[in-house]
There are 2 protein chains.
Amino acid sequence: MKHFPTDITCMECNARAHSVFKKIGITEVEEIDSIKSCGHYKKGQFIFSERGNPMGLYCISSGKVKLVTTGENGKEQILRLLKDGDVVGYRSLISNDRYHCSAVALEDSTICFIPKQSFFNLLKSNAGVGFEIMQLLSENLKTAEQHIVSMAQKNVRERMAEALLFFKASYGLDPEDQSLNVAFSREEIADFVGTSTETAIRLLSEFNQDEIIQLQGKKISILNCDKLIRTANLDV
Amino acid sequence: MKHFPTDITCMECNARAHSVFKKIGITEVEEIDSIKSCGHYKKGQFIFSERGNPMGLYCISSGKVKLVTTGENGKEQILRLLKDGDVVGYRSLISNDRYHCSAVALEDSTICFIPKQSFFNLLKSNAGVGFEIMQLLSENLKTAEQHIVSMAQKNVRERMAEALLFFKASYGLDPEDQSLNVAFSREEIADFVGTSTETAIRLLSEFNQDEIIQLQGKKISILNCDKLIRTANLDV
DNA sequence: ATGCAAAGATGATTTACATCATGTTTTAAC
DNA sequence: GTTAAAACATGATGTAAATCATCTTTGCAT
């Protein structure tokens with residue numbers, strides 16, 4: 001892979017501090033650094049595709065990524081949202097499986113690649129990394145199963161409120177104007193909520209009218225978080 | 001815990017051969033056996049409850065177990081189905097979390113308990129077990145995420161067909177009459193599919209009329225598996 | 001700057017499914 | 001064996017949300 005002036009080393013990567021590699025020794029960091037390659041992805045670009053064969057682990061140094069699958073009808077479903085410090089592709093590697101979803105950059109991103117064998121070597125030599133991955137999978141599983149319950153038991157309005165809260169939890173808010181730090185299209189939001197684009201648009205307009213949120217193009221500001229929680233019918 | 005004449009040792013436990021403990025040494029097996037306790041659960045009994053604090057790992061020696069959560073509206077949602085050789089409760093232990101779902105015996109079951117600390121000791125001393133658990137979580141996550149897509153994009157009819165196929169995959173068929181090796185109530189089936197009991201009953205009757213399945217009380221025989229796969233709209 | 005395509009918005013119509021209602025069968029308790 | 005209570009079944013009705021249709025706005029390429 002080509003080297004860009006924007007390439008960074010693992011030693012100076014800020015994302016590493018809150019990644020699964022936060023506790024590994026300097027020797028191991030240098031070893032990963034020597035073997036990793038750095039990739040630059042434009043918004044909308046695929047990091048890997050559904051049904052592809054995993055060749056290694058991806059590490060988000062900067063940027064945002066969505067994991068999506070395409071259902072039989074061709075409709076997309078967003079499964080997970082990732083940001084800097086997150087690793088991508090571990091599930092398939094550990095299951096020794098093809099990818100069951102695609103990874104797509106939500107904005108211009110710098111994402112490093114660690115070959116499969118190096119990842120497994122690290123897992124063997126460093127039990128801590130293994131446990132971090134285990135914890136990651138456990139959290140992913142919990143989130144997914146909670147999502148199943150929402151899908152099965154909540155109406156679209158409640159799920160839309162949940163989705164906005166999830167976007168907030170995933171990427172945070174701009175302290176300036178309480179706007180989501182991510183710009184999804186209405187279709188992408190619908191793909192997460194599991195509804196039609198039209199219904200998603202309508203609900204967002206409603207929330208806007210009810211002054212729960214404020215819309216300015218793709219920018220969504222959360223005006224009344226409590227009301228959003230109540231709308232989602234959550235007792236957190 | 002009391003000892004019953006039906007209690008069995010880990011050494012003679014048939015379920016162990018296809019469990020996460022299939023590859024551990026005889027010394028470790030004996031160590032687990034000396035510390036484990038054996039529980040006998042009647043059909044419908046809870047092994048643990050949502051929001052409870054996990055104290056250890058459960059091992060199904062014989063029987064069947066469902067993992068369920070209760071949504072805000074009080075409606076149950078079946079999340080996972082387990083049988084002999086399966087372990088239960090690892091997700092919460094690894095996340096250091098309270099249980100996010102309850103475990104309920106689907107039939108009279110013998111389930112052993114390994115204290116938290118012993119499980120973590122085993123994880124530390126035996127990397128193989130750790131990897132098995134990792135693989136388990138990975139598979140669980142894949143299944144859960146596929147379930148999300150079904151919930152979001154498929155209609156109830158397709159999901160019902162999928163559910164029957166999932167029950168078949170989970171517990172198998174009686175070779176005699178192709179009947180599912182598990183007796184769910186219509187309400188439980190509805191709780192898995194994410195629909196109302198009435199709709200579940202209606203769809204099962206339809207499938208029965210269409211000679212895709214045959215109903216005799218709680219016994220469900222799969223007459224035409226291909227048609228079921230087509231009804232589920234799967235391209236496996 | 002202009003034109004074109006994609007994204008966003010909103011109304012009208014249809015439909016899949018929940019809910020309500022009522023009856024029947026099975027299971028369990030005494 | 002009788003009764004009560006679940007579980008199962010089926011029809012009638014209501015409604016949330018999908019689909020279809022049309023229009024406006026925004027972004028992007030030339």
Side-chain angles (χ1 to χ4, degrees), chain A residues 42-44 71-77 106-108 150-164 180 182-210 213-221 231-233, chain B residues 42-45 71-78 106-108 150-163 180 182-210 213-220 231-233:
Chain A
K42 290 266 162 203
K43 179 177 175 168
E72 327 290 338
N73 46 11
K75 194 168 158 51
E76 290 211 333
Q77 179 68 38
L106 284 171
E107 55 184 51
D108 294 1
S150 295
M151 285 296 180
Q153 305 193 0
K154 294 195 169 183
N155 61 35
V156 181
R157 189 186 177 78
E158 292 169 322
R159 264 146 52 203
M160 175 60 79
E162 267 191 349
L164 294 173
L180 290 173
V182 62
F184 286 121
S185 69
R186 302 296 192 255
E187 192 179 3
E188 280 177 312
I189 296 175
D191 286 346
F192 184 84
V193 173
T195 187
S196 67
T197 308
E198 295 94 322
T199 299
I201 290 170
R202 263 185 265 264
L203 280 172
L204 286 173
S205 310
E206 262 188 58
F207 287 1
N208 187 46
Q209 239 129 56
D210 298 350
I213 61 170
Q214 188 174 45
L215 298 172
Q216 296 161 92
K218 287 207 198 318
K219 195 162 109 175
I220 300 174
S221 301
T231 305
N233 196 17
Chain B
K42 288 268 161 202
K43 176 174 177 172
Q45 243 189 300
E72 327 289 340
N73 46 12
K75 197 170 156 47
E76 291 212 332
Q77 180 68 40
I78 295 183
L106 283 170
E107 55 184 50
D108 294 358
S150 295
M151 285 295 181
Q153 303 192 1
K154 294 195 168 182
N155 61 35
V156 181
R157 190 187 177 77
E158 290 168 323
R159 265 148 49 205
M160 175 60 80
E162 267 193 349
L180 290 173
V182 63
F184 286 121
S185 70
R186 303 296 193 256
E187 190 178 4
E188 281 177 311
I189 296 175
D191 286 346
F192 184 85
V193 173
T195 188
S196 66
T197 309
E198 294 94 324
T199 300
I201 289 171
R202 263 185 266 264
L203 281 171
L204 286 173
S205 309
E206 261 189 57
F207 288 1
N208 187 48
Q209 238 129 58
D210 298 351
I213 62 170
Q214 188 174 44
L215 298 173
Q216 297 161 91
K218 288 207 196 320
K219 195 161 110 176
I220 300 174
T231 305
N233 196 16

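Predicted model only: the values in this text are computed from it and were never measured. Chain naming here is simple, since letters A, B, ... match the order of the sequence lines and numbering starts at 1 in each. What you see below is based on every heavy atom in this structure, not just the backbone, and it leaves out hydrogens, waters and symmetry mates.
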Margin query: Could you measure the distance from the CG atom of B:Asp191 to the CD atom of B:Gln77? Nearest 0.5 Å is fine.
Written below: 7.0 Å
Margin query: Taking the minimum atom-to-atom distance to the side chain of A:Lys218, which one of D:dA17, D:dC8, C:dG8 wins?
Written below: C:dG8
Margin query: Quick check on D:dT10: is either OP1 or OP2 less than 4.0 Å from any side-chain nitrogen or oxygen of B:Ser205?
Written below: yes
Note to self: Just N and O in the side chain of B:Thr195: are any of them under 4.0 Å from OP1 or OP2 of C:dA18?
What the structure shows: yes
Next item on the list: Write down the distance between CG (B:Leu215) and C1' (D:dA9), rounded to a whole number of angstrom.
Entry: 11 Å
Note to self: Can you measure A:Asn155 atom CG to C:dA16 atom C1' for me and round it to whole angstrom units?
What the structure shows: 16 Å
Check: Between the base of D:dG11 and the side chain of B:Arg202, is there a donor-acceptor distance below 3.5 Å?
Finding: yes
Margin query: Is it true that A:Thr197 and A:Glu187 share a donor-acceptor pair across their side chains at a distance under 3.5 Å?
Written below: no
Notebook entry, point to check: So does B:Arg157 reach the base of C:dT15 with its side chain, donor to acceptor, closer than 3.5 Å?
Noted result: no
Item checked: B:Asn208 CG to D:dC8 P, straight-line distance once rounded to whole Å -> 14 Å
Checklist line | Distance-only donor-acceptor test (3.5 Å): side chain B:Glu198, base D:dC8 | finding: no
Note to self: Please determine whether a side-chain nitrogen or oxygen atom of A:Ser185 lies at a distance below 4.0 Å from atom OP1 or OP2 of C:dA6.
What the structure shows: no
Item checked: Lys/Arg N to Asp/Glu carboxylate O, B:Glu206 vs B:Arg157, below 4.0 Å -> yes
Next item on the list: With A:Thr195 as reference, evaluate A:Ile201, A:Leu203, A:Ile189, A:Val156 under the side chain to side chain contact (heavy atoms under 4.5 Å, CB included) test and give the passing residue.
Entry: A:Val156
Note to self: Just to be sure I understand the rule, does B:Ser196 reach a base, reach only the sugar-phosphate, or reach nothing, if contact means heavy atoms closer than 4.0 Å?
What the structure shows: base
Next item on the list: Find the distance A:Glu187:CD to D:dA18:P and express it as a whole number of Å.
Entry: 14 Å
Note to self: Rounded to whole Å, how long is the line connecting atom CZ of B:Phe184 with atom C1' of C:dT26?
What the structure shows: 20 Å
Check: From the list D:dA9, C:dA18, C:dG8, which nucleotide is the closest neighbour of the side chain of B:Arg186?
Finding: D:dA9
Check: For the pair made of CD1 in B:Ile201 and C1' in C:dT24, what is the distance, rounded to whole Å?
Finding: 12 Å
Next item on the list: Would you check if there is a donor-acceptor pair between the side chains of B:Asn233 and A:Glu72 at a distance under 3.5 Å?
Entry: no
Note to self: Rounding to an integer number of Å, can you tell me how far A:Glu158 CD sits from D:dA16 C1'?
What the structure shows: 12 Å
Checklist line | Value in whole Å for how far the P atom of D:dT25 lies from CD of A:Gln216 | finding: 17 Å
Margin query: Counting only side-chain nitrogens and oxygens, does B:Thr199 get under 4.0 Å of the OP1 or OP2 atom of C:dA18?
Written below: yes
